[in-house]
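Quick notes on the structure that follows.
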2 protein chains.
Amino acid sequence: MTQTATILRTGRKFDQVLRGAREVFMADGFEGASVDDIARAAGVSKATLYSYFPDKRLLFMEVAQNECRLMSERILSMIDETKPAREVLQIAATQLTAFLVSEFAQQVFRICVAERDRFPELGRAFYEAGPQNGQRQMAAYLEKAVSKGELCIEDVQIAAEQFSELCKVRIWSRAAFGIQNCFRQDEIDEIATQAVDMFMANYGCGPSKK
Amino acid sequence: MTQTATILRTGRKFDQVLRGAREVFMADGFEGASVDDIARAAGVSKATLYSYFPDKRLLFMEVAQNECRLMSERILSMIDETKPAREVLQIAATQLTAFLVSEFAQQVFRICVAERDRFPELGRAFYEAGPQNGQRQMAAYLEKAVSKGELCIEDVQIAAEQFSELCKVRIWSRAAFGIQNCFRQDEIDEIATQAVDMFMANYGCGPSKK
DNA sequence: TTGTATCTGAACCGAGCGGTTTATAAACTG
DNA sequence: CAGTTTATAAACCGCTCGGTTCAGATACAA
């Protein structure tokens, strides 16, 4: 995965190629995207494209890696630890839920799953940069909340995973199966609230002030 | 989806074709499976195959529909309502968790997601026959348990969805991303137990005798 | 046995794919 | 300006694919 191999990173049109590739890959997947389409979308000749990237696979990996990085950063900016636990969780749940059903996340997920046999490294890279990283951040926060006496959790890792799983209720699989691709804010808010309620019922200390 | 159109269902080798198609499609997906491969796997000439099915798409749909039916039946046989709620849920959680990460379910899911643009009906058909149907059964059971006073649930539909979502914690996404494809029974049992614990903490009546 | 429905294998078609090449043009650099 | 790097368009190659065709083999029913 860290293999950049023989990619030419200098040159005026490198970024242009990458942007075009991102656009077409995200829309059509790996097999569905033809190199001609990508070159056209990038506003670049096929020969130019191949002067930067030795083949389609490597171009795809480059794009996917960039997407993973973006996703990771986005998750990082989600938690603000200064507020009380329930509030923090509510905000995190809302953002996470919205993100999980976004066009962006859905497309990347779809490609990872679809090409899992062709690119085993891709699924792993995405999982680590995305879900795993996000859950690590969440677990770290939960740990602090526990030591502040706000929450009662034995296994913060499992709790973090349960939290993000609860944010998928109802809408995520509808998005994954292509049944619904646009979600209203109040749908998202409701799922987030349900998730926090359930989470706090199990892990909240003292009376669940739901 | 109910469109059978011009499929020839009579003839000695119909089932043979279907079995071969199932095998190859499940292994390689829609694009990955070539008609020649399927004919070979079915032990049938390509011409014969095309005498039954007008094209590859319809053959795929037929296979996928059959798989959905099987899945639906399997989920149906999961609940035994005579025992106490916690026990019923524990059994259901174990079976559901094991099913969700099985080779079979993962392959069907992968194909649905990968081909969602090419076959929008497929995703819908699978969703209805699989998750939605399973959750309807679960919600029906929860309803009874509530009226027996075993559980306290406002929205049984949401509760059913939360239940199945909790069964995915930790292992499901690892399977989906191709990071892990074999799961020990004790891993499954642990997730199932965690799911039931959390569920009962929120919806159990009286003292949570965890 | 004769007639009919079914199956076979292999050749074939046209299209699209990833990738290469080449001759030409444009853009930087000294 | 000259020289070199970079980009272009289009033709081209080999391959695989979905789908068709057809002459002959096989099964089966009378």
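Here is how names work: the chains are called A, B, and so on, in the same order as the sequence lines, proteins then strands, and each is numbered from 1. No hydrogens, no waters, no symmetry mates; every other heavy atom, side chains included, goes into these values.
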What is the separation between atom [atom1] on [X] and atom [atom2] on [N], rounded to the nearest whole Å?
{"X": "B:Phe25", "N": "D:dG18", "atom1": "CZ", "atom2": "C1'", "answer": "11 Å"}
{"X": "B:Arg12", "N": "C:dT6", "atom1": "CZ", "atom2": "P", "answer": "9 Å"}
{"X": "A:Leu49", "N": "D:dA10", "atom1": "CG", "atom2": "P", "answer": "17 Å"}
{"X": "A:Phe14", "N": "D:dA7", "atom1": "CZ", "atom2": "C1'", "answer": "16 Å"}
{"X": "B:Arg40", "N": "D:dG18", "atom1": "CZ", "atom2": "P", "answer": "12 Å"}
{"X": "A:Gln16", "N": "D:dA7", "atom1": "CD", "atom2": "P", "answer": "9 Å"}
{"X": "B:Asp36", "N": "D:dC15", "atom1": "CG", "atom2": "P", "answer": "16 Å"}
{"X": "B:Glu31", "N": "C:dA15", "atom1": "CD", "atom2": "C1'", "answer": "14 Å"}

For a quick check of understanding: with a heavy-atom distance under 4.0 Å over all strands, which category does [X] fall into, base, sugar-phosphate or nothing?
{"X": "B:Thr48", "result": "base"}
{"X": "B:Ala33", "result": "sugar-phosphate"}
{"X": "B:Phe53", "result": "nothing"}
{"X": "B:Gly43", "result": "sugar-phosphate"}

Review point. Nearest nucleotide by nearest heavy atom, which residue falls closer to the 5' end of DNA chain D, A:Lys46 or B:Lys46?
Key: A:Lys46
Exercise for review: Let me know, please, whether B:Val35 or A:Ala47 comes out on the 5' side of the other along DNA chain D by nearest nucleotide.
Suggested key: A:Ala47
**Study point:** Identified side-chain hydrogen bond (donor to acceptor under 3.5 Å, both in side chains) counterpart of B:Arg170 within the set A:Gln162, A:Glu161, A:Glu165
**Key:** A:Glu161
**Study point:** Proximity to the side chain of B:Ser34 - top-ranked nucleotide from D:dG18, C:dG19, D:dT8
**Key:** D:dG18
Study note, to complete from the structure: Per nearest nucleotide of DNA chain C, the residue lying toward the 5' end, B:Val44 or A:Asp55, is B:Val44
Whether [X] contacts [N] is assessed here as follows: a side-chain N or O lying under 4.0 Å from the phosphate OP1 or OP2. Is that the case?
{"X": "A:Lys13", "N": "D:dA7", "answer": "no"}
{"X": "A:Tyr50", "N": "C:dT21", "answer": "no"}
{"X": "B:Tyr52", "N": "C:dT6", "answer": "no"}

Point to revise | Between A:Trp172 and A:Phe109, ring centroids under 6.0 Å | key: yes
**Study point:** Within the 6.0 Å centroid threshold, strictly below: A:Phe53 and A:Phe14
**Key:** yes
Practice item. Rounded to the nearest 0.5 Å, what's the gap from CE on A:Met198 to CZ on A:Phe163? Could you check? Key: 13.5 Å
Point to revise | Flag if over 12 foreign heavy atoms under 6.0 Å of CG, B:Asp36 | key: yes
